[in-house]
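Only a predicted model underlies this, so the values are computations on that prediction, with no experimental measurement involved.
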Amino acid sequence: MTAASFDEAIAHTPLGDGRFRTATPPSWMASGRVPAGLVEAQLFAGLAAVVTDPQYRPLSFTAHLLRAPGEGDYEVTTEVLRTGRTLISAAARIDQDGKLIATALASFATDRPSPDFNEMPTPQVQPPTAERKNDGYIPEFAFPYGDNVVMQDRLGPKPFTAPDGPMERVGWAGFAQARPIDAPGLLMIGDIGMMGWWARLDHMHTTATLDHTTHFRADLSNVDADDMVLLRSRTGLVRGGYLDWDLDIWAPDGTLLCQSRQMLAILG
């Protein structure tokens, strides 16, 4: 059986009044659970279906993941909270079997006049391989959805090799089936791996995303690329069973696409 594409994995059936039904194909599950990044992409897909004015581009997205949805259908409910002259604020939630799964708040904005400064240079690394070969580390618990993504390490220590750090890695990431860069794709890519703290571990500890904020820093409709994106992944503090995870993501042409920050719980 052919694996579902990412776009099929985030597709919705409209139910009316800003409500949608969706489900995760088996090929996008991770050890029987739906990955946090895919839940976020499904939330965003619902929001994008109700915020349709092309003047407003994605600006920020914050998700709180209460529990992982299981197999079967679940419902995405969306609401436009406020529409201003330059900013639309919207909310979404996922419910399954009477349980709240996740919530999200998002902003969509038009450009505003301002100065233009950039102190986020692209790391200088070798380009991704043309054949989209996967040579990065994908944990065993991430399969089968791990087969749908590509990781290519470039800078920083490999997992389990550097007990003194640093907890920072750089590399290329993308989908096994190439697709244009967009907001739900970046939300998924921002959660697929290359975690910096793995370098200091002596064995794998699984984690669960508690909250994840992504700031989109480019007009994605102007990004002409369906290739890999460059990730810089950093963790600054692991303490008390929780850790931070920061990501900067660039397009192949050096455009900074988004910045994200997660708080994760260590499960074991």
Side-chain angles (χ1 to χ4, degrees), residues 3-52 56 58-82 88-108 141-146 148-149 175 179 182-193 206-216 245 247 258 260-265 267:
S5 69
F6 175 70
D7 293 289
E8 291 170 330
I10 65 172
H12 290 150
T13 300
L15 301 176
D17 299 323
R19 295 165 45 246
F20 306 87
R21 184 173 63 250
T22 191
T24 296
S27 59
W28 284 86
M29 302 288 277
S31 297
R33 299 165 67 88
V34 183
L38 189 60
V39 174
E40 294 177 44
Q42 292 167 337
L43 283 163
F44 186 91
L47 292 169
V50 296
V51 180
T52 58
Y56 294 86
L59 181 65
S60 69
F61 178 91
T62 297
H64 285 253
L65 292 306
L66 283 71
R67 52 176 61 87
E71 296 181 3
D73 293 348
Y74 36 96
E75 190 169 302
V76 179
T77 303
T78 63
E79 180 184 4
V80 176
L81 303 175
R82 182 179 184 273
I88 294 176
S89 299
R93 59 183 283 159
I94 287 178
D95 294 273
Q96 185 180 43
D97 299 331
K99 295 181 180 180
L100 179 61
I101 301 296
T103 65
L105 290 173
S107 298
F108 299 77
F141 64 77
F143 289 91
Y145 100 90
N148 300 313
V149 298
F175 294 99
R179 63 184 301 278
D182 61 7
L186 290 173
L187 292 172
M188 183 75 242
I189 288 172
D191 190 60
I192 62 176
T206 57
T207 56
T209 300
L210 302 179
D211 62 76
H212 186 187
T213 293
T214 299
H215 295 139
F216 299 99
W245 182 16
L247 274 176
C258 67
S260 80
R261 183 174 179 86
Q262 293 192 41
M263 179 61 68
L264 300 99
L267 302 182

Show which side-chain atoms of residues 182-189 pair as donor or acceptor with protein atoms under 3.5 Å away, not counting sequence neighbours.
from, atom 1, to, atom 2, distance (Å)
Asp182, OD1, Arg179, NH1, 2.9
Asp182, OD1, Gly185, N, 2.9
Asp182, OD2, Arg179, NH2, 2.9

Worksheet item: Taking only residues two or more places apart in sequence, or in another chain, which ones meet Thr62 in a side chain to side chain contact (heavy atoms under 4.5 Å, CB included)?
Response: His64, Thr213
Taking distance alone, no hydrogens or angles, what donor-acceptor pairs closer than 3.5 Å link side-chain atoms of residues 96-104 to residues at least two apart or in another chain?
from, atom 1, to, atom 2, distance (Å)
Gln96, OE1, Gly70, N, 2.9
Gln96, NE2, Gly70, O, 3.3
Gln96, NE2, Glu71, O, 3.3
Gln96, NE2, Asp73, O, 3.2

Discussion item. Holding to side chain to side chain contact (heavy atoms under 4.5 Å, CB included), I want the full list of residues that pass it with Thr13, two or more places apart in sequence or in another chain.
Written reply: Arg21
Worksheet item: About how many Å separate CZ of Phe141 and OG1 of Thr206, when rounded to the nearest 0.5 Å?
Response: 6.0 Å
Discussion item. I need the Leu43 CG to Leu38 CG distance, nearest 0.5 Å.
Written reply: 10.0 Å
Response to the item:
Heavy-atom closest pair (Ser27 atom, Asn148 atom, distance to 0.1 Å) is O-ND2, 2.8 Å
Worksheet item: Closest heavy-atom contact between Phe61 and Ala106?
Response: CD1-CB, 4.0 Å
Discussion item. I need the single residue from Arg93, Arg19, His12 that forms a side-chain contact (heavy atoms from CB on, under 4.5 Å) with Glu75. Which is it?
Written reply: Arg19
Worksheet item: Say you draw a straight line from OG of Ser89 to CG of Leu47; how long is it, rounded to the nearest 0.5 Å?
Response: 11.0 Å
Fill in: Contacts of Ala30 that satisfy side chain to side chain contact (heavy atoms under 4.5 Å, CB included) - sequence neighbours left out
Pro35, Tyr145
Practice prompt. Check side chain to side chain contact (heavy atoms under 4.5 Å, CB included) between Val50 and all other residues, then give those that pass, not counting sequence neighbours.
Written response: Phe20, Thr78, Val80
Worksheet, complete the sentence: Separation between CG (Leu15) and OG1 (Thr22), nearest 0.5 Å, reads 10.5 Å
Worksheet item: Of the non-hydrogen atoms in Tyr74 and Pro69, which two are nearest, and what is the gap between them?
Response: CE2-CB, 3.8 Å
